[in-house]
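Per chain, numbering begins at 1; letters A, B, ... match sequence-line order.
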Amino acid sequence: MHKSVIKNHLKLARVECGLTQAQLADQVGVTRQTIGLIEAGGYNPTLNLCLKLAWVTNKTLDELFWIQGED
Amino acid sequence: MFFHKMTIDERTRSNTRYAAAIWLGVTQLLLAAVVFYRLHVLGQADEELRDFQAVLAISIFGNLALQLILGGVMPRPTWRGALVSYLVLTFLIVSVCLLIYGWPDASRWTNTWLPALLGPALLIGAYALVAYLGQRRIERQIEKLDQ
């Protein structure tokens, strides 16, 4: 069965911007735990939140998020 | 002053909905268990449990109907599909009831044959209506967003 997993470079992008998880969370209007879970791959954000994260970290969507296929 | 600022985000909202859905299911199961226990263990009369049964029925069917209307994903039955479903459902109900209670007295047809024959029709009719309303709601939403 084909299973797709969403991967991300959010942590790298956040550190490049010099932001803590709490600061990034404040800027996009979510909890710090949500940012932590996204970075750890434990939560798939909505498209709306993905776009906000891309905007704040000055990245494009596909630089931040991609789907890794697994068989 | 006493608490940190609370942020409600998409994850917490989705968790809340998930928890509410699970707990609604648990509550319905517990209520059904209470009705079953009172009926078959304590031997209470069916009439004494009408309020419990009504609440349970409203909760289960209301939840299903709301999901059908909001989701609009359930297939609408065709006339032939509805007729076949009615016949199968009625056959099952009548067979099970005849096996358990035997052939009913003709004078009690309002409590025996009528619900067995009318119940499935009402159930399938209600399902078809709710599925239709759900799909129409989504179609209207799409039309409105397209404009």
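In this structure, the salt bridge (charged side-chain N to carboxylate O under 4.0 Å, His left out) partners of Asp46(B), at least two apart in sequence or on a different chain, are Arg50(B).
Under the ring-ring contact (aromatic ring centres under 6.0 Å, His included) criterion, the residue pairs touching residues 21-59 of chain B are Phe36(B)-His40(B), with sequence neighbours excluded.
Interface check for chain B: of the options Thr31(A), Asn44(A), Leu49(A), the most heavy-atom pairs under 4.5 Å are formed by Thr31(A).
In this structure, chain B has a heavy atom under 4.5 Å from the side chain of Asp26(A), while its backbone stays farther away.
The environment of CG in Asn58(A) is sparse: at most 12 heavy-atom neighbours from other residues, nucleotides or ligands sit within 6.0 Å. Annotation for Trp55(A): atom CH2 does not count as buried by contact number, only 12 or fewer foreign heavy atoms lying within 6.0 Å.
In this structure, CD1 in Ile38(A) is found 8.5 Å from CZ in Arg11(B), a value given to the nearest 0.5 Å.
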